[in-house]
Amino acid sequence: MDNITIARLLDETAALLEIDAADPFRIRSYRRAAEAVEQQTTQLATLTGPDADPKALLAIAGIGKGMAANIRDLVATGSMPLRDELLAKYKPTMLELLRLPGMGPKTVALIWTALAVGDIDALEEAAKAGHLSTLPRMGEKFTLKLLKGIEDYRKNSGRFRIDDAEEHALRISALIREFPGIDQITPAGSLRRGRETVGDLDLLVTGPACEPGVVSAAVEHVASLPLIDKLLAKGQNKVSFTLRNNLQVDVRLLPRASYGAALQYFTGSKMHNVALRQRAIKRGLTLSEYALLRLEDNVIVAAASEEEIYRALDLDYIAPELRENSGELEAAANHSLPNLITLADIRGDLHMHTNATDGRDTIRQMAEAALARGLSYIAITDHSKHLAMTNGLDDARALAHVQRIREVDAEMDGRIRVLPGIEVDILADGALDLEDSTLSQMDIVVASIHSRFDQPIEETTARVLRAIDNPHVRILGHPTGRMLLKRDAYAINMDVVLQRAAELGVAVEHNAAPARADLNDLHLRLAKQHGCKIVVDTDAHATEELDRMWFGITQLRRAWLSAGDVLNTLPFDQFMAELRPKP
DNA sequence: GCCGTTTTCGGCCCGACTGTTTTCAGTCG
């Protein structure tokens, strides 16, 4: 059983305990344990055997004696006594009900005991038949909202890619800004933390129009934006609505003086905030979205900026990407936070396409665009022949392409280096689809698998291992073959692949394209642990796609990586010297 | 169920909004 499954089962148990009205703190500890398990880079199943160190599980924050026993049971039997007990009492489909708007654990439990309704279809039926109105606090309005919620849930229960979410954030911000007296609109929540996907959009608005007394006019403005599909809630300083694509947007309008506290609060994550508030209480303080206050006399200690709030809690400033309650508070307390990589650290982009295959722009255009973005070297890595739909290059065309790339390199006159390369496809048996003699002419050979989702893990893993054994391969592209939102992150044994890549000196690619995002933060941490050479690149198919490097950087930051952990932060000569030597 | 410079018991984050309530419980973030 892998960590993701263990985490899911613990989280499920937490939800069932909630429906069972168990001790809220006990529920929280199950949630916390689930998150902790999910963030481990070592598979817990290897720590539960008879000869494993019994202390290993207990070393993880949030896992004590009881939870360690639960995890051992899960690994050994696939379940655990408490979970079995709860599942005998409730139906597993009830967990889905919790995801409907307005349906919390109390309501789910109530309709189960009162009406024996435990799944979405039955709930819809009961609502339409008017059975819900016999229950307390569930009138006509509640029923209508619920039916709409069920409809929406069926239509779209997914999350949104970070780049899409950002685009919506920009559009909405522009409309809000039309109201006079709005200074600043900042996306908070998981968008600011740089999660690959966001469930909803949090926009923080501040300015003279948001001060108490006058804020209601600005609230009205936001609540009547033309792009609103459904208005979900409107309060004194908060407006929630959904767009036509079902993305939920929460807008909060807050006074300038509490901007820092509000930004901190709405950025989250929830677990980070809980831990931060606990720390505040230990220091005789209390933290809310308005301010950090001294408990004894309610005097404001900090509120205007995030920096002063963290400082007042004896912490170094914690970047949003790290706020997941996975050790960042401890590191901030003892000044051991990493010096996170930034976009400005990146000097080269090693993966891009041109109009020779499925790209849009020419070699020269890509080079000029990269230069304009401050890069000092790039590799042109068009597709090889196996990918017929991309007009992939056969050996002859690939060699001719090398010539043209070298010519452009010369034309650029040293302002930027343009390296000949290829994104070569890994065939089913692990061979590459071009001749070694062709590959020997390339500076950068990126070996990628483009379809692997239907194969057993062992086969896919063996295929990749064989491919990187080819001495011409310098970068393993799309290492997990993962497509975001259709993700099957474990269709390959990444532990084995990364270890072998490290031994061979093959760099592993972190693809910045949000649709690809091959290595998630766990993989990246694992790659660092194994001593892999990590490169981040854009896989750009047009000049403007070079801009998406920021997204890759954000993911690297989430994995606590510094510039020194990433190969293409090095100047050109050092970078080339660090790559696997050409045979 | 976890945790400890309040350490093996007694704590455990904070506030807004909704619906249906005449004072609040439940949900949400």
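In what follows, chains carry the letters A, B, and so on, assigned in the order in which the sequence lines appear, proteins first and then strands, with residues in each chain numbered from 1. This is a predicted model, so every value here is computed, not measured.
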request  = Using the P atom on both, measure dG11(B) against dT6(B) and round to a whole Å.
outcome  = 15 Å

inquiry  = Just to be sure I understand the rule, does P136(A) reach a base, reach only the sugar-phosphate, or reach nothing, if contact means heavy atoms closer than 4.0 Å?
reply    = nothing

task = Using the C1' atoms only, state how far dT7(B) lies from dC2(B), rounded to an integer number of Å.
result = 13 Å

ask   = So what does N273(A) touch, heavy atoms closer than 4.0 Å: a base, only the sugar-phosphate, or nothing?
value = nothing

query = Quick one: how far along DNA chain B does chain A reach, first to last nucleotide 5' to 3', anything under 4.0 Å to a heavy atom?
reply = dG1(B) to dG29(B)

task = Identify whether any heavy atom of K141(A) sits under 4.0 Å from a base atom; if not, whether one sits that close to sugar-phosphate; answer base, sugar-phosphate or nothing.
result = sugar-phosphate

ask   = Given that both distances must come in under 3.5 Å, which nucleotide forms a Watson-Crick or G-U wobble pair with dC24(B)?
value = dG19(B)

inquiry  = For a quick check of understanding: with a heavy-atom distance under 4.0 Å over all strands, which category does Y30(A) fall into, base, sugar-phosphate or nothing?
reply    = sugar-phosphate

query = With no hydrogens and no angle check, do the side chains of D250(A) and Q248(A) hold a donor and an acceptor under 3.5 Å apart?
reply = yes

inquiry  = Would you measure the distance from the P atom in dC13(B) across to the matching atom in dC3(B) and give it in whole Å?
reply    = 14 Å

ask   = How would you label the contact of I27(A) with the nucleic acid (heavy atoms, under 4.0 Å): base, sugar-phosphate, or nothing?
value = nothing

ask   = Taking the side chain as C-beta and beyond, is there a heavy-atom pair between L243(A) and D229(A) under 4.5 Å?
value = no

query = Where along residues 54-90 of chain A does a heavy atom come under 4.0 Å from DNA chain B, residue by residue in number order?
reply = A61(A), G62(A), I63(A), G64(A), K65(A), G66(A), M67(A)

query = Want to settle it: does G102(A) or A233(A) sit nearer the 5' end of DNA chain B, counting the closest nucleotide to each?
reply = A233(A)

ask   = Would R256(A) and E211(A) pass as an ion pair if we require N to O under 4.0 Å?
value = no

query = Using the C1' atom in both, what is the distance from dG1(B) to dT8(B), to the nearest Å?
reply = 14 Å

ask   = Under a 4.5 Å cut-off applied to non-hydrogen side-chain atoms, are L170(A) and E167(A) in contact?
value = no

query = Got a donor-acceptor contact below 3.5 angstrom from the R525(A) side chain to the Q39(A) backbone?
reply = yes

query = Within 45 degrees of the axis of the six-membered ring of F25(A) and under 6.0 Å from its centre: does R28(A) put its NZ or CZ there?
reply = no

Atom P, compared across dG26(B) and dT20(B): separation rounded to whole Å = 15 Å

query = For residues 293-302 of chain A, which residues have at least one heavy atom under 4.0 Å from DNA chain B?
reply = none

request  = Could you tell me whether P24(A) contacts a base, only the sugar-phosphate backbone, or nothing, with contacts defined as non-hydrogen atoms closer than 4.0 Å?
outcome  = nothing

Side-chain donor or acceptor of E308(A) paired with backbone N/O of A303(A) under 3.5 Å = yes

query = Any side-chain heavy-atom pair from M103(A) and L146(A) closer than 4.5 angstrom?
reply = yes

task = Assign L287(A) to base, sugar-phosphate, or nothing according to its heavy-atom contacts below 4.0 angstrom with the strands shown.
result = sugar-phosphate

Flag if over 12 foreign heavy atoms under 6.0 Å of NZ, K230(A) = yes

message = I want to check something: taking the side chain as every heavy atom from C-beta on, are R161(A) and E196(A) in contact at a cut-off of under 4.5 Å?
response = no

Whole-angstrom distance between dC17(B) and dT23(B), as gauged at atom C1' = 16 Å

inquiry  = I want to check something: taking the side chain as every heavy atom from C-beta on, are W560(A) and E328(A) in contact at a cut-off of under 4.5 Å?
reply    = yes

Touch class at under 4.0 angstrom, heavy-atom based, for T286(A) against every strand present = sugar-phosphate

ask   = What integer number of Å spans the P atoms of dG15(B) and dG10(B)?
value = 27 Å

ask   = Taking for each residue the nucleotide of DNA chain B with the nearest heavy atom, is it P105(A) or I281(A) whose nucleotide lies nearer the 5' end?
value = I281(A)

request  = Using the six-membered ring wherever Trp is involved, compare the ring planes of Y317(A) and Y310(A) and label them parallel, tilted or perpendicular (cut-offs 30° and 60°).
outcome  = perpendicular

message = Within the 4.5 Å heavy-atom criterion, are V274(A) and N325(A) side-chain neighbours or not?
response = no

